[in-house]
**Student:** 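My questions will all concern the structure given below.
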Amino acid sequence: MADNIKMRAQLKGDVTELKVLMTHPMETGRRKNDLDEVVPAHFIQLVTISLNGNVVTEAQWGTGISKNPYLTLHLRGAKVGDMVAVVWHDNKGQSARHEIAVTAG
Amino acid sequence: MKRRGFILMSGAALLSGLLLPLRALAAVWNKAAFEATTLAGATQGLQVDKETPSADITVNAPDRAENGAVVQVEVISRIPGTEAIAIVVEHNPTPLIANFMFAKDAEPYVVTRIKMAETAEVKAIVKVGSRYFTAGKQVEVLENGCG
């Protein structure tokens with residue numbers, strides 16, 4: 001499911017800038033479709049970011065994050081070649097994971 | 001301390017290569033806070049008793065958002081020992097948008113895109129130990145993004 005997450009980690013000075021774009025509908029459970037039926041809530045609840053296997057940031061989300069969520073985070077202490085992984089879990093039990101190496105900025 | 005347990009648990013899930021089962025996820029996700037329909041309910045769910053305004057937090061967001069479905073927000077905390085940044089929007093159907101928890105190798109910094117139902121203040125609540133600090137930015141919303 002790696003195609004669900006696009007990401008880039010670039011070392012810029014002391015800080016690694018991580019940019020993440022996830023493909024997800026982020027349905028609030030309040031929107032109605034063309035047939036006037038309520039579309040069930042479907043949203044990412046948990047995002048975990050790790051550096052070389054150690055969790056550095058964890059986010060809990062509600063329905064207020066926009067469709068196809070976007071994130072920028074700054075990590076300390078990473079070197080070129082270190083591995084950054086992003087995992088998300090949604091309220092329907094679906095998940096995706098993607099991992100990339102830190103590159104020189 | 002709750003947060004530490006949480007991080008360790010998901011760290012273990014990562015190391016074992018297993019993804020978190022739904023039941024475990026339900027246990028960590030702060031249902032009370034995220035499903036609260038008032039700002040007071042959301043902050044109560046986050047166990048925030050008192051928030052102190054702080055000039056060491058910057059919330060960057062547009063003055064006017066054409067479309068409330070996608071409003072880019074940047075939050076920077078310069079308060080030493082920042083553990084978490086929560087983003088809340090008072091006039092949204094569920095005010096709590098997100099809660100980011102940072103371990104020592106992450107800067108207390110985040111950029112993300114949020115939905116806004118109507119003109120409101122985008123507020124960041126920063127957790128430092130058992131204390132909470134806040135800063136906000138008013139955003140005028142021209143089109144509801146909470147469908």
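Here is the naming used below: chain letters follow the sequence lines, and residue numbers restart at 1 for every chain.
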**Student:** Would a 4.5 Å heavy-atom cut-off, applied to side chains only, mark B:Lys123 and B:Leu39 as touching?
**Tutor:** yes
**Student:** With a 4.5 Å cut-off on side-chain heavy-atom distances among I, L, V, M, F, W and Y, is there a chain of contacts connecting B:Val73 to B:Val139?
**Tutor:**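 Yes, B:Val73 connects to B:Val139 through the hydrophobic network.
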**Student:** Could you look at B:Val71 and say if it's the side chain, the backbone, both or neither that has a heavy atom under 4.5 Å from chain A?
**Tutor:** backbone
**Student:** Chain A: which of B:Ile97, B:Thr94, B:Thr112, B:Val89 shares the most heavy-atom pairs with it under 4.5 Å?
**Tutor:**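 Most heavy-atom pairs within the cutoff with chain A belong to B:Ile97.
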**Student:** Given the rule that I, L, V, M, F, W and Y join up when any side-chain heavy atoms are under 4.5 Å apart, are A:Val56 and B:Ile76 in one cluster?
**Tutor:**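 Shared cluster, no.
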**Student:** Heavy atoms, side chains only, cut-off 4.5 Å: are B:Phe133 and B:Ser77 in contact?
**Tutor:**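 No, their side chains stay 4.5 Å or more apart.
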**Student:** By a 4.5 Å heavy-atom criterion (distance strictly below it), what part of A:Lys19 contacts chain B: side chain, backbone, both, or neither?
**Tutor:**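 Contact with chain B: none, neither part.
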**Student:** Below 4.5 Å from any heavy atom of chain B, which atoms of A:Val15 appear? Answer side chain, backbone, both or neither.
**Tutor:**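 Side chain only.
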**Student:** Using heavy-atom distances under 4.5 Å, tell me whether B:Phe100 contacts chain A through its side chain, its backbone, both, or neither.
**Tutor:** both
**Student:** What distance do B:Glu83 atom CD and B:Lys127 atom NZ have between them, rounded to the nearest 0.5 Å?
**Tutor:**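 Going from the CD atom of B:Glu83 to the NZ atom of B:Lys127 covers 4.0 Å.
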